[in-house]
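These notes concern the structure reproduced below.
Atoms considered below: every heavy atom in the structure, side chains included; atoms not considered: hydrogens, waters and symmetry mates. In this chain, residues are counted from 1 in sequence order.
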Amino acid sequence: MTKLYFLIVNYNSSDLIKRLLKSIGESDRDNYCVVIVNNSLEERNIFNFSHNLIKIIKPKENLGFGRACNVGLNWISQQNKQGIVWLINPDTYFDLDPPDRVSPISSAISFFSKYPEISILGTTVYNSQGKITSAGGTFNPDTADAKTINCLPPDFSQDYIKTDWVSGCSLLINLNNFTEVPQFCDRFFLYYEDLDFCLRYSQQGHLIVTTHLIKLVHETSSISDRYLLQKYRHITQSHLIYIEKYGSKKNFIVTNIRMFFNTIRLIILKPQQGLGKAIGIYEYWQNRK
C-alpha cells in the first residue's frame, strides 16, 4: 500500500505545526507519517508531539530549509523508496470544515495512483482571505524571470496542468520516479530552493504539474516576518545564487547593480531590511570566492 509522509521543517513554529496536524484530521492513520526536522535547537515544545505517527529528527545545527528537507528525504527513502513525500510549511493548514471534506492523504494517494508518471506535484494555495496565492509558476530561460501563477486553470476537466515549478510550501514528491533520493541544492539556505529543485529535475525529464483538486491555506511569511533581518539576508543571498545559476552574465550584472542601490535605499528607509540585504550580498560574494 502506498504511504504518504508529511515532511515539515520546524523553526520556532510548534504552535503552527499543532494547528496543521489538527487540520489533517484523524482519518487514514495507517496511510501516513509526519516527519519533523527540528531546525530550532532551543525550542522544546516541539517534543510535546509524542505520537507513533510522528518522527522528530534533531540536527546539530540550523540547516536551513533545503538541507533540512534533504535530511528528511533521506530518512523517508530509507523507510520506503516508493513513498509519497509532502513537503509542507508549518504555517499552512487544510480547511477545517469544508462542505465536502475529503482527507488530504487519500486525495494525494489517489492522485498519484491515477497519474504515476508525475514526479513533482504542486497544490493550489490560498491565503486566509480565500485568495489564490500560488497554483504553480512559470520560468523564462531567456531572462531567468520566474512568476507565480495565482489563478485556477480555465479548463476544470483536466485534473492537472504542467508547470515549470511549484511552491515549496506545499510540494509533493513521488519517490518511485527517482533512481536516487531527490535533493535540494545546499547552496540555498532559505528561499529559491523550491524553484531550483523543480528546474533541475525538470531538466532531467521529470514531469512537474499543479492540481486544483488539492488545496490548502498558507499564511505567507508568518514565520519569516518575525525575523526581518534574517529574512532579507537569506532572500538576497539566495536570489544572487539563483541568478548566477540560471541567468545570463548580463542578468547577473544588472541584478547586482540594482540590488546595490536598493540596499542603500532600504538602509535609509528600513534599516533592518537594508542591513539584512547588505549582509546577504556580502555573504554571497564571500562564499563565491
Side-chain angles (χ1 to χ4, degrees), residues 9-17 19 39-43 61-69 89-93 125-134 137-140 143-150 165 167-170 184-196 217-247 250-289:
V9 176
N10 173 57
Y11 186 75
N12 294 325
S13 52
S14 57
D15 53 335
L16 296 173
I17 293 175
R19 179 184 63 183
N39 264 346
S40 50
L41 308 185
E42 72 286 353
E43 185 185 14
E61 60 180 330
N62 181 357
L63 300 174
F65 180 79
R67 289 174 61 200
C69 284
N89 272 24
D91 54 358
T92 63
Y93 59 92
V125 181
Y126 293 78
N127 62 19
S128 56
Q129 287 74 48
K131 181 180 179 181
I132 296 175
T133 58
S134 177
T138 62
F139 169 73
N140 186 329
T143 62
D145 285 342
K147 295 183 179 180
T148 301
I149 299 171
N150 57 3
W165 59 277
S167 171
C169 78
S170 179
F184 286 84
C185 174
D186 60 9
R187 291 186 66 194
F188 296 92
F189 187 87
L190 188 63
Y191 300 107
Y192 287 90
E193 63 281 288
D194 49 359
L195 177 55
D196 172 77
V217 179
H218 180 210
E219 294 183 345
T220 308
S221 299
S222 60
I223 301 172
S224 60
D225 278 354
R226 302 174 187 172
Y227 315 97
L228 283 177
L229 186 148
Q230 296 301 328
K231 174 180 179 178
Y232 279 79
R233 168 195 173 192
H234 294 307
I235 200 170
T236 299
Q237 185 174 8
S238 293
H239 186 200
L240 288 172
I241 295 170
Y242 165 74
I243 294 297
E244 173 201 323
K245 292 186 70 172
Y246 296 100
K250 179 181 178 181
N251 292 146
F252 184 71
I253 294 172
V254 170
T255 298
N256 274 273
I257 293 173
R258 184 184 296 122
M259 194 172 285
F260 173 78
F261 286 106
N262 284 342
T263 300
I264 294 176
R265 178 179 61 84
L266 268 181
I267 287 175
I268 297 172
L269 299 176
K270 299 178 179 179
Q272 195 172 18
Q273 290 93 317
L275 180 58
K277 286 183 73 69
I279 294 172
I281 293 171
Y282 172 79
E283 289 182 337
Y284 167 78
W285 284 101
Q286 280 293 105
N287 294 332
R288 197 166 185 260
K289 290 180 179 179

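- In this structure the side chain of Thr255 reaches within 4.5 angstrom of the side chain of Ile243, judged on heavy atoms.
- Within the 4.5 Å cutoff, the side chain of Asn12 has heavy atoms near those of the Glu42 side chain.
- The shortest side-chain heavy-atom distance between Thr220 and Asn127 does not fall under the 4.5 Å cut-off.
- Between Tyr242 and Tyr246, the ring centre distance stays below 6.0 Å.
- To the nearest 0.5 Å, atom CZ of residue Phe188 and atom CD1 of residue Ile241 are 5.5 Å apart.
- The NZ atom of Lys277 lies 12.0 Å from the CD1 atom of Ile264; values are rounded to the nearest 0.5 Å.
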* To do: Start with the C-alpha distance between Phe65 and Ser238, add both sets of side-chain angles, then the distance that settles side-chain contact (heavy atoms from CB on, under 4.5 Å), and finish with yes or no.
  => CA-CA 12 Å; Phe65 180 79; Ser238 293; over 6 Å; no

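- Atom CD1 of Ile268 is separated from atom OG1 of Thr263 by 11.0 Å, given to the nearest 0.5 angstrom.
- A pairwise comparison of heavy atoms in Ala278 and Ile267 identifies CB-CD1, 4.5 Å as the closest pair.
- Using a 4.5 Å heavy-atom threshold, the side chains of Val125 and Ile132 count as separate.
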* Asked: side-chain contact (heavy atoms from CB on, under 4.5 Å) between Lys270 and Tyr232: does it pass, once the steps are laid out?
  -> CA-CA 11 Å; Lys270 299 178 179 179; Tyr232 279 79; 5.9 Å; no

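- Across all their heavy atoms, Ala144 and Gly247 have their closest contact at CB-CA, 3.7 Å.
- With sequence neighbours left out, Lys245 forms a salt bridge (Lys or Arg N to Asp or Glu O under 4.0 Å) with Asp196.
- Between the side chains of Glu244 and Tyr284, at least one donor N or O lies within less than 3.5 Å of an accepting N or O.
- Ring-centre distance between His234 and Phe189: below the 6.0 Å cut-off.
- With hydrogens and angles disregarded, no donor-acceptor distance shorter than 3.5 Å links the side chain of Trp165 to the backbone of Asp194.
- Between the side chains of Asp91 and His218, at least one donor N or O lies within less than 3.5 Å of an accepting N or O.
- Leu240 has its side chain within reach of Ile281: a pair of non-hydrogen atoms, C-beta onward, lies under 4.5 Å apart.
- In this structure, His239 has its ring center closer than 6.0 angstrom to the ring center of Tyr192.
- The shortest side-chain heavy-atom distance between Ser170 and Asn89 does not fall under the 4.5 Å cut-off.
- Remark: the backbone N or O of Asn150 is not paired with any side-chain donor or acceptor of Thr148 at under 3.5 angstrom.
- Contact detail for Pro90 and Ile17: the closest heavy-atom pair is CB-CG1, 3.7 Å.
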* Determine, stepwise, if the pair Arg19 / Glu219 fulfils salt bridge (Lys or Arg N to Asp or Glu O under 4.0 Å). => CA-CA 12 Å; Arg19 179 184 63 183; Glu219 294 183 345; 3.2 Å; yes

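- Taken to the nearest 0.5 Å, the CG atom of Asn62 stands 10.0 Å off from the CG atom of Asn10.
- Side chains of Asn39 and Leu63 form a contact here, defined as non-hydrogen atoms less than 4.5 Å apart.
- Listed by chain and number, the residues in a salt bridge (Lys or Arg N to Asp or Glu O under 4.0 Å) with Glu43 amount to none (sequence neighbours excluded).
- Separating the CD atom in Glu193 from the CG atom in Leu195 is a distance of 9.5 Å, to the nearest 0.5 Å.
- Interatomic distance, CD of Gln230 versus CD1 of Ile235, reported as 13.0 Å (0.5 Å rounding).
- If you look at Tyr227 and Tyr11, their ring centroids are closer than 6.0 Å.
- Residues passing the salt bridge (Lys or Arg N to Asp or Glu O under 4.0 Å) test with Glu61 are Arg67, sequence neighbours excluded.
- The shortest distance between side-chain heavy atoms of Asn287 and Tyr282 does not fall below 4.5 Å.
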